[in-house]
Participant: 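Input: one structure, supplied below.
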There are 4 protein chains.
Amino acid sequence: MTQVDLNADMGESFGPWKMGDDENLLQVITSANIACGFHAGDPDVMAKTMTIAAENGVGIGAHPGFPDLQGFGRRNMKVPHASLRNLVRYQLGAAMGMAQAVGTKVRHLKLHGALANMCSVDLDMARACYQGALDVDPDIIVMVLAVTKQEEAVRELGCKWVGEIFADRAYNDDGTLVDRSLPGAVIHDADVAGPRILEMVKKGAIITESGKRLETSIDTICLHGDGATALQIARSVKRCLTEGGVEVTKFER
Amino acid sequence: MTQVDLNADMGESFGPWKMGDDENLLQVITSANIACGFHAGDPDVMAKTMTIAAENGVGIGAHPGFPDLQGFGRRNMKVPHASLRNLVRYQLGAAMGMAQAVGTKVRHLKLHGALANMCSVDLDMARACYQGALDVDPDIIVMVLAVTKQEEAVRELGCKWVGEIFADRAYNDDGTLVDRSLPGAVIHDADVAGPRILEMVKKGAIITESGKRLETSIDTICLHGDGATALQIARSVKRCLTEGGVEVTKFER
Amino acid sequence: MTQVDLNADMGESFGPWKMGDDENLLQVITSANIACGFHAGDPDVMAKTMTIAAENGVGIGAHPGFPDLQGFGRRNMKVPHASLRNLVRYQLGAAMGMAQAVGTKVRHLKLHGALANMCSVDLDMARACYQGALDVDPDIIVMVLAVTKQEEAVRELGCKWVGEIFADRAYNDDGTLVDRSLPGAVIHDADVAGPRILEMVKKGAIITESGKRLETSIDTICLHGDGATALQIARSVKRCLTEGGVEVTKFER
Amino acid sequence: MTQVDLNADMGESFGPWKMGDDENLLQVITSANIACGFHAGDPDVMAKTMTIAAENGVGIGAHPGFPDLQGFGRRNMKVPHASLRNLVRYQLGAAMGMAQAVGTKVRHLKLHGALANMCSVDLDMARACYQGALDVDPDIIVMVLAVTKQEEAVRELGCKWVGEIFADRAYNDDGTLVDRSLPGAVIHDADVAGPRILEMVKKGAIITESGKRLETSIDTICLHGDGATALQIARSVKRCLTEGGVEVTKFER
């Protein structure tokens, strides 16, 4: 039976500021990418989020980002590769400590925001980040954006990895995302998102706007953690997959 | 043969700013308390400091502090105990990740600055911090200020611990430090510091200004990492101990 | 005709995180205390909030706090007085620059959170903070918690000031607030808050839980900017005052 | 008589960390670019540095940078123009507040590090930053890197400005700096730097490595504030200019 994982960014609150509907989404998703305090999250938020994730049987991932709270890690920064490597090591270590403390374990790692975007087009940068993660835990499962330089990096490194596609974004023929400013780039309709993802998972391929098939490893679907319709889309995608005969479950490697 | 450890705070540089003479002191001391990025240190500084420490056979400790870079963790903060516990977990986890990445291991934990000072007189606060550390690693060796609430906390928790005294500070009869504003409170003379510490280590007791003996577990001597005479005092204390028949070596528990 | 001002903390969003319902509250209040980036707020939030405040004819105040984003400036910090003075100067200067840039002006200053609480019982600390503000602008109007050390400090300094009471908090006979853990300490009912404040404003006195009258300068009423009922209570207090013959308007000095 | 100003970055210490030899350099230079707390500097450092600058008759400038302490503002960040404008407004405002508080005044503004580098090749970005400064103080004198997009921006804005060249860097024929990795790019010899700068100031032109003359407004010479030879080069350049008949004095506009 075909299996797929559903992941979302979690633990993005900070201090007094709340973000996302983590408690409800953690009942839908199977893997949580948890912010590590550099672009969002703090030790209290991490402890709480990991505890709820573990209670729901959700797999826990470290979600390192640039040290840029105000910009939420979404602003490109030009950081030397040695520093990137250390920055990932530090955040993964912190996440592992927090997980251990609340009785659970970090299974995977996914890069956040601008760090992820830059690594999806820069092989050396992706390698530096992932090498940092593997330095800390050689068994960590790296979650990569399918058909990008991120995937190329993990293939080269020979580490455990899973490939991810977006539930709510349209794809160009080269595997990049359709620019947000173009019509149809973002799918806001839960009734559209579900069947679309079901088809891709069943075919084992990204289906682009033009209808082209990009065969790839679709191990996990990225859902969004905030926004008015986040929870609705998440539930719709899950139901659609389940009813379509795909088992929604944590990935294993 | 009597043994004692020499420890100092290390890795207190931050970004472009250098502090201390870590490279030279790491050739004298046997345990390094390494800042974890909240009051000093950053991932790059941690990686570098841990690497040099490991090369010199120096035991590595996490040195968590308050999240207060400008104040260098020396300003008291009133933080809820649950947050303190998470704050220690996070910093210890980060240090463990960095250590693992550079091929070494965190053996001990010592609190920094105002966090340490507050915990030396507040049992509940000390317990919260140390519990946070034990949540992450039940085998961690907690370094405590001898005859303070810090010591009381580790005795209650039943964890591995070592007791510390200062090489360059005079003690009151109740085990507290003589106030820095009083004459003789701080020992600046390397020729005085050495013999004084040798006597305490041999007798297994703090000898106060009035000559009173406070029996305690003197497992490690705290040396200062910066200041003009830091390196000189460190070398003098080490030589004096060695010549006096005390083996200077990493503590084991 | 009796006049009174309504103030609330504004501009407490930060980066991607939203807090409070500023746009609606700025249509009710007459003075806004705007966070300056140390405990909340950032340059973008400040510019936006000041612009809307100015459009609504709301008086603009700087609202400096401790440098503690995670703790939202609500955790006590022990900061030397010289640093407190500089910390207030810096935040007020930044607020004045932002105000000037969007075509308006900072009229008043109110301390935030733990900084305010500590200054309400520590005269020297209050004096250090307010002196910092007056160093930058000798004409600034300092908003103080009535009948506290804050008021004593401005009286000593001889500067322009206004006295403030809380719309939703009960008072002890010594002018301190009833502890939040006690019943009746916080007034959640908009129908209660309004008439209660009207009475105090008309009598020119705080009326304590026991019925005692503490005569003071009630120039402004502090409303809360967040919480489910914040907007409702704000509107209710305003209506009640207006209908009771009190003019709700910006203070002048 | 030909006049020229000597400027250097000052106030780059932070909390417990010291950088540069400000006290001595402030006896040599005529304008100080003072860090505003985002990439370096803090309110205490700003107050102290401005006080000493004023005592030495040195002109005070705000020196805003990216919000990146660890990277010292030297790492490129992709920040939206509206945010850049606010970030400059905030830092200039803070600097003006601090200056006012210690009895002096901010006369000029110079961008720092990566922010400056990016603005020297990106006209829109330079315009956004300088517009932010002018929003706060229309009379501020903007210090620009001569013959770059920074200069183009101030010419378009029609504001007061001065042009700057480096004392210790070699120039390409297009006015850009010779890459640091090439031989001769950086002048470490005080005996070379002085005469070289004297010639350029007298000729009113940058003289490139190939000997080409780029005529420009040489109003101020940038000296470095740190490094072993900073003070020596500063003194040498000043002496050389003075002996060569150039008056070293604060610029006026």
Side-chain angles (χ1 to χ4, degrees), chain A residues 11 13-16 34-38 41-51 60 62 64-67 69 79-106 109 128-140, chain B residues 11 13-16 34-38 41-51 60 62 64-67 69 79-106 109 128-140:
Chain A
S13 296
F14 179 78
I34 295 175
C36 301
F38 275 43
D42 63 44
D44 294 338
V45 170
M46 290 171 82
K48 189 182 167 195
T49 310
M50 287 180 177
T51 300
I60 287 172
F66 282 126
L69 270 184
V79 177
H81 288 184
S83 292
L84 285 176
R85 189 166 167 172
N86 284 327
L87 167 160
V88 170
R89 289 163 162 180
Y90 182 98
Q91 293 183 65
L92 174 55
M96 287 169 64
M98 295 311 298
Q100 173 72 22
V102 301
T104 183
K105 199 178 160 352
V106 174
L109 176 131
C129 290
Y130 295 147
Q131 188 58 62
L134 296 167
D135 294 339
V136 177
D137 178 5
D139 288 324
I140 198 92
Chain B
S13 295
F14 179 78
I34 295 174
C36 301
F38 275 43
D42 64 43
D44 294 337
V45 169
M46 291 171 82
K48 188 183 166 193
T49 310
M50 288 180 176
T51 300
I60 287 171
F66 282 127
L69 270 185
V79 176
H81 288 183
S83 292
L84 285 176
R85 189 166 168 173
N86 284 327
L87 168 160
V88 170
R89 289 163 163 181
Y90 182 98
Q91 292 183 64
L92 174 55
M96 287 168 64
M98 295 311 298
Q100 173 72 24
V102 301
T104 183
K105 198 178 160 349
V106 174
L109 176 130
C129 290
Y130 296 147
Q131 188 58 63
L134 296 167
D135 294 340
V136 177
D137 179 6
D139 288 323
I140 197 93

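Excluded from the calculations below are hydrogen atoms, water molecules and symmetry mates; all remaining heavy atoms, backbone and side chain alike, are included. In the text below, chain A, chain B and the rest are named by the order of the sequence lines, each starting its count at 1.
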Participant: Among B:Asp135, B:Val102, B:Asn86, which residue has the highest count of heavy-atom pairs closer than 4.5 Å to chain A?
Facilitator: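 The candidate making the most pairs under 4.5 Å is B:Asn86.
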Participant: In terms of heavy-atom pairs under 4.5 Å, which option from A:Pro80, A:Cys36, A:Pro67 contacts chain B the most?
Facilitator: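 Looking at each option in turn, the highest pair count goes to A:Cys36.
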Participant: Can you tell which part of A:Ala82 gets under 4.5 Å to a heavy atom of chain B, answering side chain, backbone, both or neither?
Facilitator: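 For A:Ala82, backbone heavy atoms alone lie under 4.5 Å from chain B.
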Participant: Strictly less than 4.5 Å between heavy atoms, which residues of residues 89-98 of chain A line up against chain B? Please order them by number.
Facilitator: A:Arg89, A:Tyr90, A:Gly93, A:Ala94, A:Gly97, A:Met98
